[in-house]
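Atoms within a ligand are numbered from 1 in the order they appear, just like the ligands themselves. Quick note: residue numbers are just sequence positions, from 1.
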Amino acid sequence: MLIRTVAHEFLRRQGLTTIFGNPGSNELPFLAELPGEFRYVLGLHEGAVVSMADGYAQATGRPALVNLHAASGSGNAMGALTNAVYSRTPLVLTAGQQVRSAIGLEAMLSNVDAAQLMRPLVGWAAEPATAADVPRSLAQAVFEARLRRRPSYLSVPYDDWTAEADANTAAVLDRDVERSAHPDPAQLDRLVAELQAARNPALVLGGDLDTDGLFDEVTALAERMGADTWGAPSLFRLPFPNRHPLFRGVLPAGIAPIAQALEGHDLVLVLGAPVFRYHQHEPGDLLPAGTRLVQVTDDAEAAARAPMGRALVTDPGAVVRALLKALPEPPEQPREYTTPATPAQPRSDDVLHPEQVFAALRDTQPADTRYVVESTSTSRAWWRQIDLRRGASYFWPASGGLGFGLPAAVGVALADGDRPVVGVIGDGSANYGITALWTAAQHRLPVTVVLMRNGTYGALQWFADLLGTPDAPGTTIPGMDFTTIAEGYGVTGVQATDLDHLRALLAEPTDTPRLVQVDTESTRL
Ligand SMILES: Cc1ncc(Cn2c(C)c(CCOP(=O)(O)OP(=O)(O)O)sc2=O)c(N)n1
Ligand SMILES: [Ca+2]
């Protein structure tokens, strides 16, 4: 039996039969003789490949397999990989390497120090010392990704795949690794006592809770506590209904504004989030005077690096379920969802305000739509208008690395055809993952891309104001027409001419990929 055969069989048993990739000659010996259950999703750039896999893994809730080309391909993947690191997506990255005898003399396509290239982004990286160790190393890459909830990377010299496997090599086929982490009863008792003693506790909820499928339990916990509930700053998934009467918004990503937002709360319970994913530097007090913070996360590194508070490293889901058991039921309260504000109007009549676009999506798209959003200056408008009441409804680039949105929308659509998928993509962001349109066309995916064309890197213009650098160059991007770019990749492109036309376009269901371009006013974060 060949090493390749053992590797394919191990991947099949682990359910890793969808390969997101862009191949070079080094990868062909791995991709040969794939069993029938496998499918290969070709992306035209490694950034798009990784972000498609990221969206797919987040939507399926399982690891996803990626196959990249040596150094050039792996290097192209790094930007997209930063998002997968912070959304804690268990991607298994494999990459082809030159034949063993040619690596040292740096023949073409040698990845000279393959494992080193991908650190510190990946949680684990290796290149097996012998062909016989390839299947075990592949298994380790899979288990490391799952256990660390962080991408892993394995580089394999391409002459290894056709080496003969021995009985020990094949032993890996029966392996599996599980982990369970439950809080200690004393830790729980202490947390319950703190919550019951708190005068005015607040909840801060992180994207990990939605990744873990805890949307409904967390909503029940907030109602049980009757607590003001916030989304964690730089939120990459929505773990709570954003129009729920207890929802106070997504915390701003600045030190001082977070402390201001939490004013009046004597205890802040952070679930499934780092403390905190700050962004713009707005120095100030970390917390209001007298406020205590408790963080519950299974991300030990996030717990270790927090600048304040106490952390409990355990499964947040286990804590949520335990608190639901321990805290008394409140009197029945009507759950009156909040009504969106009237959408803001643009300053000129040849563009729409982003709030008008988002209100149109809210009013026309099915309630179970999944949104993949990468439009960096319109977040305030987004949360003022959208109404999301289900889990796995919102995906955002977790490290802020652009190029996630368009490919991830394709990956989410590939994962689950039961829920409609809409990408809300800025005209700047679109360019970093634009090739994913081609993959969407090839797979005839029913995904809608709303292309927000404001002719600027709007978020950077906001930062330029904040940083006092209004004269910085490189923040305007005029003259692009994504309807023709989309057509060039095989996707129908339509220009929305006004609000009524946009609403009519969005109200039409689609069974093929389409891009709807809308001219919008450049707004501030
Ligand atoms: C890979 C990459 N390159 C550059 C940036 C820097 N950047 C850039 C270039 C932004 C502007 C995005 O423009 P957009 O058109 O997508 O959205 P807005 O106009 O709404 O800001 S926001 C931001 O952080 C980034 N985050 N990631
Ligand atoms: Ca823009």
Side-chain angles (χ1 to χ4, degrees), residues 45-52 54 75-87 121 233-236 252-254 277-281 344 346 351-358 361 371-386 395-409 422-437 449-467 469 472-483 485-486 495-496 515-525:
H45 181 282
E46 291 83 358
V49 167
V50 168
S51 289
M52 284 193 288
D54 190 353
N76 280 350
M78 301 286 264
L81 201 51
T82 63
N83 291 311
V85 166
Y86 288 106
S87 54
L121 284 179
S234 308
L235 197 66
F236 64 92
R277 287 281 288 152
Y278 301 111
H279 186 164
Q280 65 276 10
H281 183 55
V351 295
L352 295 182
H353 192 287
E355 288 200 31
Q356 293 176 303
V357 178
F358 301 151
L361 283 170
Y371 292 95
V372 184
V373 181
E374 192 170 85
S375 168
T376 45
S377 69
T378 60
S379 297
R380 188 198 307 267
W382 173 261
W383 294 117
R384 275 172 50 90
Q385 291 304 326
I386 209 65
F395 302 79
W396 172 271
S399 80
L402 301 181
F404 167 83
L406 239 173
V422 173
V424 178
I425 310 294
D427 53 348
S429 298
N431 297 291
Y432 297 89
I434 195 73
T435 63
L437 288 174
V449 174
V450 176
L451 193 292
M452 309 283 284
R453 185 173 68 168
N454 61 15
T456 71
Y457 283 153
L460 298 196
Q461 293 186 338
W462 177 80
F463 264 102
D465 295 343
L466 182 77
L467 300 176
T469 59
T475 64
T476 56
I477 49 169
M480 281 184 273
D481 179 357
F482 290 87
T483 61
I485 293 170
Q495 176 70 40
L515 181 141
V516 178
Q517 177 171 269
V518 53
D519 289 323
T520 58
E521 182 165 276
S522 194
T523 55
R524 292 296 177 263
L525 280 176

Does the N or O separation between [X] and ligand 1 drop below 3.5 Å for any pair?
X	result
S377	yes
G458	yes
S429	yes
L460	no

| Proximity flag G79 to ligand 1, non-hydrogen atoms under 4.0 Å |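 It does not; every heavy atom stays at 4.0 Å or beyond.
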| query | Is ligand 1 less than 4.0 angstrom away from at least one heavy atom of S375? | reply |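 The answer is yes: ligand 1 sits under 4.0 Å from a heavy atom of S375.
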| Does NZ or CZ of R453 fall inside the cone over F482's six-membered ring, less than 6.0 Å from its centre and within 45° of the axis? |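 No - R453 does not lie over the ring of F482 by the 6.0 Å and 45° rule.
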| request: Taking the Ca ion (ligand 2) as the centre, count the protein N/O/S atoms lying under 3.0 Å from it. | output: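 Protein N, O or S neighbours of the Ca ion (ligand 2) under 3.0 Å, waters not counted, come to 3.
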| message | Does the plane of the ring in F358 sit parallel, tilted or perpendicular to the ring in W382? Use 30° and 60° as the thresholds. | response |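 Ring orientation, 0 to 90° scale: perpendicular.
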| side-chain contact (heavy atoms from CB on, under 4.5 Å) partner of V450, the single match among V518, T520, L515 |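 With V450 as partner, V518, T520, L515 yield a single side-chain contact (heavy atoms from CB on, under 4.5 Å), made by V518.
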| said: Measuring from atom 1 (C) of ligand 1, which candidate in I477, T520, L402 has the nearest non-hydrogen atom? | reply: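 Minimum heavy-atom distance to atom 1 (C) of ligand 1 goes to L402.
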| said: Under 4.0 Å, heavy-atom basis, I'd like to know which part of I425 is in contact with ligand 1: side chain, backbone, both or neither. | reply: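 Neither part.
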| atom 22 (S) of ligand 1: which protein heavy atom is closest, and how many Å away? |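 Of every protein heavy atom, T376 OG1, 3.5 Å lies nearest to atom 22 (S) of ligand 1.
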| query | Any donor-acceptor pair under 3.5 Å linking the side chain of E374 with the backbone of G405? | reply |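 Side chain of E374 to backbone of G405: a pair is present.
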